[in-house]
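Written below as structure tokens is the structure these notes are about.
Only a predicted model underlies this, so the values are computations on that prediction, with no experimental measurement involved.
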Amino acid sequence: MNILDRIIIDKKREVILKKSIIPVSQLEASVFFGKKTISLSQNLRNSHSGIIAEHKRRSPSKAEINYSFTVEEVVKGYENAGACGISVLTDGKYFGGSLDDLLLARASVTIPLLRKEFIVDEYQILEAKAHGADLILLIAAVLTREEIKSLSEFAKGLGLEVLLEVHNLEELQKSIMPTLDMIGVNNRNLKTFEVSLDFSKQLADQIPNDFVKVSESGISSIEAINELKSYGYQGFLIGENFMKTDNAGKAATEFISKLI
């Protein structure tokens with residue numbers, strides 16, 4: 001069993017437990033259910049930088065990235081730096097995140113927020129909406145085509161955008177459907193944690209132009225982004241590269257200023 005399999009087993013159990021104590025009606029009573037979401041796909045189409053900056057304390061491949069910042073400090077720094085949107089990890093066991101991080105981010109900034117999570121159930125999409133997210137992530141590696149369809153349709157019904165993450169051609173081909181807004185290529189193999197930008201380059205031509213192309217993980221240089229732009233990518237998700245510094249916002253500012 002690989003790490004991704006373990007995460008999904010734990011996540012399904014977590015959702016069952018949450019459902020047993022927090023009813024859907026409570027989530028739907030959130031003030032955010034009546035608020036219009038902000039479009040990340042539109043921001044990326046209109047941006048020169050295309051940066052989606054991530055709040056991430058740790059990961060399965062790195063026990064600790066950074067625990068010294070508050071969520072507010074990080075996300076305000078990212079917004080001031082000119083990020084198009086912010087990705088907020090909400091998984092606790094493996095990434096040190098929480099839904100409270102998403103809520104605090106929403107209270108701190110006005111740019112689009114992605115709930116970065118291993119979504120396996122509509123309940124998690126309701127949670128995302130209730131805590132101020134503008135879009136969700138669906139990971140093709142852990143979902144069937146039917147699940148991607150039903151979950152993306154459910155998200156769109158709540159006014160949320162959908163970023164679908166793929167890692168290979170098989171995942172991409174099974175997933176293309178009109179209820180997606182963005183297709184992201186994860187340069188990190190979630191089963192082996194090998195990282196290579198070649199994954200994004202190889203799949204670029206296979207992604208229809210109806211979708212905003214996003215390259216995720218392993219991006220640490222201006223040169224890499226400029227090269228990926230030539231393949232049609234408009235979004236670039238960067239987390240560890242900023243979070244591992246003493247000042248994530250400052251690092252993002254310096255990075256983005258070289259792209260504009």
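Evaluation of the ring-ring contact (aromatic ring centres under 6.0 Å, His included) test over residues 81-114, restricted to residues two or more places apart or in two chains, returns F95-F118. Listed by first then second residue, pairs satisfying ring-ring contact (aromatic ring centres under 6.0 Å, His included) with a partner in residues 220-241 number zero, not counting sequence neighbours. For residues 75-96, the pairs satisfying salt bridge (charged side-chain N to carboxylate O under 4.0 Å, His left out) are D10-K93, K11-D91, E72-K76, with sequence neighbours left out.
Across T245 and A251, no two heavy atoms sit closer than the pair OG1-CB, 3.6 Å. Of all heavy-atom pairs between G77 and T253, the closest is O-OG1, 4.4 Å. Nearest heavy atoms, D101 versus G97: OD2-CA, 3.4 Å. The two residues A224 and S221 have their closest heavy-atom pair at N-OG, 3.0 Å. Closest of all the heavy-atom pairs between I238 and I225 is CD1-CD1, 4.1 Å. Looking at every heavy atom in both residues, A141 comes nearest to L4 through CB-CD2, 4.0 Å.
Between the OG1 atom in T90 and the CZ atom in R115 there is a gap of 3.5 Å [rounded to 0.5 Å]. Atom CG of L44 sits about 5.0 Å away from atom SG of C84, to the nearest 0.5 Å. Rounding to the nearest 0.5 angstrom, the gap separating the CD1 atom in I119 from the CD1 atom in I148 is 12.0 Å. Within the model, atoms CD1 of I21 and CD of Q26 stand 9.0 Å from one another, a figure rounded to the nearest 0.5 Å. In this structure, E161 CD and L114 CG are separated by 10.5 Å, a value rounded to the nearest 0.5 Å. Taking CD1 of I86 as the reference point, atom CG of L237 lies at 11.0 Å (rounded to 0.5 Å).
Ionic pairing of E153 and K149 is present here: one or more N-O contacts between side-chain nitrogen and carboxylate oxygen are shorter than 4.0 angstrom.
Hydrophobic clustering (ILVMFWY, side-chain heavy atoms < 4.5 Å, transitive): M182 and M177 are in one cluster. The cluster map of Ile, Leu, Val, Met, Phe, Trp and Tyr, joined by side-chain heavy atoms under 4.5 Å apart, puts L203 and V195 in different clusters. There is no path of hydrophobic side-chain contacts, each under 4.5 Å, that joins I16 to Y123. Linking Ile, Leu, Val, Met, Phe, Trp and Tyr residues whenever their side-chain heavy atoms come within less than 4.5 Å places I256 and I111 in a single cluster. The hydrophobic clustering, which links ILVMFWY residues whose side-chain heavy atoms are closer than 4.5 Å, places L99 and L27 together.
The main-chain N or O of E165 is never found under 3.5 Å from a side-chain atom of N186 such that the two would form a donor-acceptor pair. Without hydrogens or angle criteria, T37 side chain to G159 main chain gives a donor-acceptor distance under 3.5 Å. At distances below 3.5 Å, not a single donor-acceptor pair connects side-chain atoms of D134 with backbone N or O atoms of S39.
For E122, the side chain to side chain contact (heavy atoms under 4.5 Å, CB included) partners two or more places apart in sequence, or in a different chain, are L151, F154.
Contact check for L40 versus D181: no side-chain heavy atoms found under the 4.5 Å cut-off. T179 has its side chain out of reach of V162: every pair of non-hydrogen atoms, C-beta onward, lies at least 4.5 Å apart. Taking 4.5 Å as the limit, every side-chain heavy atom of R106 sits out of range of all side-chain heavy atoms of V75. Side-chain contact check for I136 versus E117: every heavy-atom pair is 4.5 Å or farther apart. By the 4.5 Å heavy-atom criterion applied to side chains, L17 and E14 are not counted as neighbours. The shortest side-chain heavy-atom distance between I176 and L172 falls under the 4.5 Å cut-off. The closest side-chain heavy-atom distance from R57 to L89 is not below 4.5 Å. Between L160 and K129, the closest side-chain pair of non-hydrogen atoms falls below 4.5 Å.
The environment of D198 atom CG is dense: over 12 non-hydrogen atoms of other residues, nucleotides or ligands sit within 6.0 angstrom.
In summary, the side chains of S47 and Q234 do not present any donor paired with an acceptor at a separation below 3.5 Å, with no hydrogens or angles considered.
Two rings, from H131 and F32, have their centers 6.0 Å or more apart.
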For this session: Verify side-chain contact (heavy atoms from CB on, under 4.5 Å) between L164 and S152, making sure each step is shown before the conclusion.
Result: CA-CA 9 Å; L164 179 93; S152 59; over 6 Å; no

For this session: Would you please test V120 and E147 for side-chain contact (heavy atoms from CB on, under 4.5 Å) and show each step?
Result: CA-CA 8 Å; V120 293; E147 287 170 333; over 6 Å; no

Exercise. Would V185 and V166 satisfy side-chain contact (heavy atoms from CB on, under 4.5 Å), going step by step from the backbone distance to the final call?
Worked result: CA-CA 5 Å; V185 179; V166 301; 4.2 Å; yes

For this session: List the steps and the verdict of side-chain contact (heavy atoms from CB on, under 4.5 Å) for I219 and N241.
Result: CA-CA 8 Å; I219 301 168; N241 201 48; over 6 Å; no

Please tabulate, for side-chain N and O atoms in residues 206-216, each donor-acceptor pair with protein atoms closer than 3.5 Å (sequence neighbours left out).
{"residue": "K213", "atom": "NZ", "partner": "A204", "partner atom": "O", "Å": "2.9"}
{"residue": "S215", "atom": "OG", "partner": "N187", "partner atom": "ND2", "Å": "2.9"}
{"residue": "S215", "atom": "OG", "partner": "S200", "partner atom": "OG", "Å": "2.7"}

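By the 30° and 60° cut-offs, the orientation of the rings of F242 relative to Y78 is tilted.
For the salt bridge (charged side-chain N to carboxylate O under 4.0 Å, His left out) with D121, the lone residue among K19, R13, K12, K18 that qualifies is K19.
Through direct or indirect side-chain contacts shorter than 4.5 Å among Ile, Leu, Val, Met, Phe, Trp and Tyr, I9 is connected to M1.
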